[in-house]
Amino acid sequence: MATILLEVATPDKGEVYAKEINMLITRSICGELGILPKHARLLTELIPHAMRIKEGVGETQLFVSGGFMEVTPEKITILADSAELPDDIDVERAKAAYKRAEDRLAKKNPEIDIDRAEAALARAKARLLVKGVHMG
């Protein structure tokens with residue numbers, strides 16, 4: 001089966017993931033994308049989500065908080081604001097962030113930055129999905 005190189009890097013951690021994969025399912029500002037080997041060239045902005053990485057018969061999830069993805073027929077490069085493998089995610093911390101963001105949004109206080117609270121909620125939800133925890 002054909003493969004394509006996936007490289008994920010962040011400013012803080014450097015390279016987070018680098019392997020030959022069979023398929024990447026990711027979310028951009030334009031919607032969900034499936035990337036296979038020999039994909040057409042593409043440059044897009046990513047939103048916070050749980051990426052699905054298909055390798056052989058297995059699948060791995062990887063949290064990305066946003067960033068950019070460049071695709072060439074041979075390689076997928078993701079420059080993420082932050083990225084975490086399942087073992088790197090602190091579930092209790094993500095649950096607390098989810099609850100905080102939910103509480104801020106529920107209060108409808110005009111002093112609350114709604115965009116920031118919604119972004120925090122999306123990041124917490126994506127982290128929890130990578131760990132298999134479903135909230136709300």
Side-chain angles (χ1 to χ4, degrees):
M1 180 178 266
T3 62
I4 186 169
L5 178 61
L6 170 62
E7 292 181 343
V8 180
T10 70
D12 295 337
K13 296 180 184 174
E15 189 172 86
V16 174
Y17 187 94
K19 286 187 182 176
E20 291 285 333
I21 65 167
N22 301 105
M23 180 179 191
L24 174 68
I25 301 168
T26 190
R27 287 196 184 147
S28 77
I29 59 171
C30 299
E32 190 166 82
L33 299 167
I35 309 295
L36 294 166
K38 301 188 187 330
H39 194 283
R41 292 182 177 275
L42 171 70
L43 181 62
T44 189
E45 185 177 348
L46 299 177
I47 62 172
H49 71 288
M51 287 191 331
R52 294 173 42 209
I53 302 165
K54 302 211 179 222
E55 308 171 54
V57 295
E59 181 174 307
T60 302
Q61 290 198 347
L62 176 73
F63 163 75
V64 292
S65 66
F68 293 91
M69 176 176 72
E70 178 186 28
V71 179
T72 67
E74 304 81 29
K75 184 177 175 183
I76 305 165
T77 304
I78 295 177
L79 303 174
D81 300 327
S82 66
E84 297 172 38
L85 291 162
D87 290 344
D88 299 331
I89 295 172
D90 181 335
V91 172
E92 294 310 312
R93 184 172 170 226
K95 283 181 179 178
Y98 186 97
K99 181 82 171 105
R100 268 192 317 275
E102 231 180 19
D103 289 346
R104 286 185 180 131
L105 290 168
K107 288 180 183 175
K108 300 188 190 234
N109 182 338
E111 295 177 14
I112 298 291
D113 184 339
I114 299 297
D115 292 337
R116 187 173 171 196
E118 286 175 344
L121 184 65
R123 287 190 306 270
K125 186 175 184 178
R127 278 187 175 99
L128 291 168
L129 286 174
V130 168
K131 290 297 278 188
V133 178
H134 298 277
M135 304 274 295

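All residue numbers in this chain count up from 1 along the given sequence.
The shortest heavy-atom contact between A83 and T10 is N-CG2, 3.5 Å. When every heavy atom of G67 is checked against every heavy atom of D81, the shortest pair comes out as N-OD2, 3.9 Å. Residues A117 and R104 share a closest heavy-atom pair of CB-CB, 4.3 Å. Of all heavy-atom pairs spanning A80 and P11, the tightest one is O-CD, 3.2 Å. Residues F63 and V130 come closest through the heavy atom pair N-CG2, 3.6 Å. Shortest non-hydrogen contact noted between A94 and A124 is O-CB, 3.6 Å.
Each of T60, L6, L5 was scored for a side chain to side chain contact (heavy atoms under 4.5 Å, CB included) with I21, with one residue passing: L6.
Looking at residues two or more places apart in sequence or on another chain, you find a side-chain hydrogen bond (donor to acceptor under 3.5 Å, both in side chains) between S82 and S65. For K75, the side-chain hydrogen bond (donor to acceptor under 3.5 Å, both in side chains) partners are E7, not counting sequence neighbours. Residues satisfying the side-chain hydrogen bond (donor to acceptor under 3.5 Å, both in side chains) test with K54, not counting sequence neighbours, are E59. Listed by chain and residue number, K99 satisfy the salt bridge (charged side-chain N to carboxylate O under 4.0 Å, His left out) test with D103 (two or more places apart in sequence, or in another chain). In this structure, the side-chain hydrogen bond (donor to acceptor under 3.5 Å, both in side chains) partners of E20, at least two apart in sequence or on a different chain, are T3. A search for side chain to side chain contact (heavy atoms under 4.5 Å, CB included) contacts involving P73 returns R41, not counting sequence neighbours.
Annotation: the span from L105 atom CG to R116 atom CZ amounts to 12.5 Å, rounded to 0.5 Å. Interatomic distance, L43 CG to T72 OG1, rounded to the nearest 0.5 Å: 11.5 Å. Expressed to the nearest 0.5 Å, how far CZ of R127 lies from CD1 of I89 amounts to 7.0 Å. Of the inter-residue distances, the one linking T44 atom OG1 with R27 atom CZ reads 13.5 Å to the nearest 0.5 angstrom. If you take NZ on K125 and CD on E102, they are separated by 9.5 Å, rounding to the nearest 0.5 Å. Going from atom CE of M23 over to atom CE of M1 covers 10.0 Å, rounded to the nearest 0.5 Å.
Contact of the L42 side chain with the I35 side chain is registered, since non-hydrogen atoms from C-beta on lie closer than 4.5 Å. Between H39 and I76 there is no side-chain heavy-atom pair separated by less than 4.5 Å. Taking 4.5 Å as the limit, some side-chain heavy atom of K13 sits within range of a side-chain heavy atom of E84. Under the 4.5 Å side-chain criterion, counting only non-hydrogen atoms from C-beta, V8 is in contact with M51. Two residues are said to be in side-chain contact when any heavy atoms from C-beta on lie closer than 4.5 Å; L24 and I78 meet this criterion.
Cluster annotation: I4 is connected to V16 through the hydrophobic network of ILVMFWY side chains, with a link wherever side-chain heavy atoms come within less than 4.5 Å. Hydrophobic clustering, with ILVMFWY side chains joined whenever heavy atoms are under 4.5 angstrom apart, keeps I25 apart from L46. Cluster membership check: M69 shares its hydrophobic cluster with L85, using side-chain heavy-atom separations under 4.5 Å among Ile, Leu, Val, Met, Phe, Trp and Tyr.
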Check your understanding: What do the steps show when you test L121 against Y98 for side-chain contact (heavy atoms from CB on, under 4.5 Å), and what is the final call?
Key -> CA-CA 5 Å; L121 184 65; Y98 186 97; 3.6 Å; yes
Practice item. Show your reasoning for whether side-chain contact (heavy atoms from CB on, under 4.5 Å) applies to K19 and I53. Key: CA-CA 10 Å; K19 286 187 182 176; I53 302 165; over 6 Å; no
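Remark: the backbone N or O of L36 is not paired with any side-chain donor or acceptor of N22 at under 3.5 angstrom.
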